[in-house]
Amino acid sequence: QVRLVESGGGTVESGGSLRLSCRASGFDLDYFPIAWFRQAPGKEREGVSCISARDGTVYYSDSVKGRFTMSRDRMTNMVYLQMNSLKPEDTARYYCATDFESAKDGTDWSRTHDYDYWGQGTQVTVSS
């Protein structure tokens, strides 16, 4: 059974840092892509970062590039999102997701509807 469980969210001041974790089970991170998405109230869910299953390339949205770092631990099947220099506009619920149909690359990694499995999310609030 595929399961994704996020943790690590919270409230932080602008400029602060948080580290999100995603525990993956029921599949092997070596063979499937893993991504972080976020959704703010009243907005569509958007891609934040993704690790391609094809070659391990890490993709980032323009809005977080240079501030966020995504990584994975193959031994423990854990995925992380280190978020630095947080801004109020980063406030959202953050989800991890995987897709069993595509390895993902720069052309398709952020397509929300392509992902098959999602966690329940963890809330990140950045105060100004």
Side-chain angles (χ1 to χ4, degrees):
Q1 181 182 2
V2 175
R3 193 168 183 223
L4 297 164
V5 180
E6 304 92 336
S7 61
T11 299
V12 64
E13 291 186 352
S14 182
S17 298
L18 279 175
R19 188 195 194 204
L20 304 185
S21 300
C22 173
R23 180 175 299 278
S25 59
F27 69 103
D28 192 331
L29 284 174
D30 278 348
Y31 301 110
F32 299 100
I34 188 76
W36 285 98
F37 284 78
R38 67 185 182 186
Q39 187 166 20
K43 294 188 176 181
E44 292 187 356
R45 193 168 295 190
E46 63 173 357
V48 175
S49 184
C50 174
I51 298 178
S52 170
R54 179 170 291 117
D55 57 8
T57 299
V58 185
Y59 298 97
Y60 297 96
S61 67
D62 289 342
S63 61
V64 307
K65 200 172 295 182
R67 301 187 296 122
F68 290 11
T69 303
M70 183 176 181
S71 62
R72 64 183 175 185
D73 185 331
R74 292 170 174 173
M75 294 295 292
T76 60
N77 239 32
M78 291 289 294
V79 183
Y80 302 100
L81 186 68
Q82 177 66 43
M83 306 186 297
N84 299 329
S85 303
L86 282 161
K87 306 175 181 180
E89 51 264 44
D90 294 317
T91 295
R93 192 163 187 86
Y94 285 71
Y95 301 85
C96 60
T98 189
D99 177 13
F100 283 12
E101 301 297 327
S102 168
K104 303 301 181 191
D105 59 24
T107 65
D108 67 353
W109 73 267
S110 62
R111 294 178 186 168
T112 308
H113 297 293
D114 287 353
Y115 285 78
D116 303 311
Y117 298 97
W118 295 82
Q120 84 289 347
T122 185
Q123 179 66 35
V124 172
T125 302
V126 184
S127 60
S128 56

TODO: Verify whether one side chain among Asn84 and Ser17 offers a donor that lies under 3.5 Å from an acceptor in the other.
DONE: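 On atom types as modelled, these side chains qualify, holding a pair under 3.5 Å.
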Heavy-atom closest contact ([X] atom, [Y] atom, distance):
X: Ala40; Y: Thr91; value: CB-O, 3.6 Å
X: Tyr59; Y: Thr57; value: CZ-CG2, 3.5 Å
X: Thr107; Y: Arg111; value: O-NH2, 3.6 Å
X: Gly47; Y: Ser110; value: CA-CB, 4.3 Å
X: Lys104; Y: Ser52; value: O-OG, 2.7 Å
X: Pro88; Y: Ser128; value: CG-CB, 3.8 Å

Task: Stepwise side-chain contact (heavy atoms from CB on, under 4.5 Å) test for Ser102 and Asp108 - done: CA-CA 9 Å; Ser102 168; Asp108 67 353; 3.1 Å; yes
TODO: Verify side-chain contact (heavy atoms from CB on, under 4.5 Å) between Thr69 and Tyr80, making sure each step is shown before the conclusion.
DONE: CA-CA 8 Å; Thr69 303; Tyr80 302 100; over 6 Å; no
[atom1]-[atom2] distance between [X] and [Y], expressed to the nearest 0.5 angstrom:
X: Arg38; Y: Cys96; atom1: CZ; atom2: SG; value: 15.5 Å
X: Trp109; Y: Tyr115; atom1: CH2; atom2: OH; value: 7.0 Å
X: Asn77; Y: Ile34; atom1: CG; atom2: CD1; value: 8.5 Å
X: Ser49; Y: Tyr94; atom1: OG; atom2: OH; value: 11.5 Å
X: Leu18; Y: Leu81; atom1: CG; atom2: CG; value: 9.5 Å
X: Ser61; Y: Glu46; atom1: OG; atom2: CD; value: 6.0 Å

Open item on the list: Side chains of Cys50 and Val58, heavy atoms from C-beta outward: is any pair under 4.5 Å?
Closed with: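 When only atoms from C-beta onward are counted, Val58 and Cys50 do not touch, as no gap falls below 4.5 Å.
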Task: Within 45° cone of Tyr95 ring axis and under 6.0 Å: Arg45 NZ or CZ - done: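 Satisfied, under 6.0 Å and within 45°.
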I'd like to know if the side chain of [X] reaches the main chain of [Y], judged simply by a donor and an acceptor atom lying under 3.5 Å from each other, with no hydrogens or angles considered.
X: Asp116; Y: Asp99; value: no
X: Tyr60; Y: Met70; value: yes
X: Arg67; Y: Ser85; value: yes

- [ ] Could you state whether Met83 and Val79 fall into the same hydrophobic cluster, counting links through intermediate Ile, Leu, Val, Met, Phe, Trp or Tyr residues with side-chain heavy atoms under 4.5 angstrom apart?
- [x]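 Looking at the clustering, Val79 is in the same group as Met83.
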- [ ] Answer yes if Met75 and Phe32 sit in the same cluster of Ile, Leu, Val, Met, Phe, Trp and Tyr residues linked by side chain heavy atoms under 4.5 Å apart, and no otherwise.
- [x]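 In one cluster: no.
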Open item on the list: For Trp118 and Phe37, I'd like to know if the aromatic rings sit close, meaning centre-to-centre distance below 6.0 Å.
Closed with: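 Trp118 vs Phe37: aromatic centres under 6.0 Å.
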TODO: For side-chain contact (heavy atoms from CB on, under 4.5 Å), just list the numbers for Phe68 and Trp36, CA-CA rounded to whole Å, side-chain angles, deciding distance to a tenth of an Å, and then say yes or no.
DONE: CA-CA 11 Å; Phe68 290 11; Trp36 285 98; over 6 Å; no
Open item on the list: Any salt bridge linking Lys65 with Asp62? Criterion: basic side-chain nitrogen under 4.0 Å from a carboxylate oxygen.
Closed with: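 A salt bridge links Lys65 with Asp62.
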Using a 3.5 Å cut-off and no angle test, enumerate the donor-acceptor pairs between side-chain atoms of residues 119-127 and protein atoms at least two apart in sequence or in another chain.
unit_1, atom_1, unit_2, atom_2, d
Gln120, NE2, Glu6, O, 3.2
Thr122, OG1, Gly9, N, 3.0
Gln123, NE2, Ala92, O, 3.4

Show me the donor-acceptor pairs within less than 3.5 Å that the side chains of residues 19-30 make with the rest of the protein, sequence neighbours left out.
unit_1, atom_1, unit_2, atom_2, d
Asp28, OD1, Asp30, N, 2.9
Asp30, OD1, Arg74, NE, 2.9

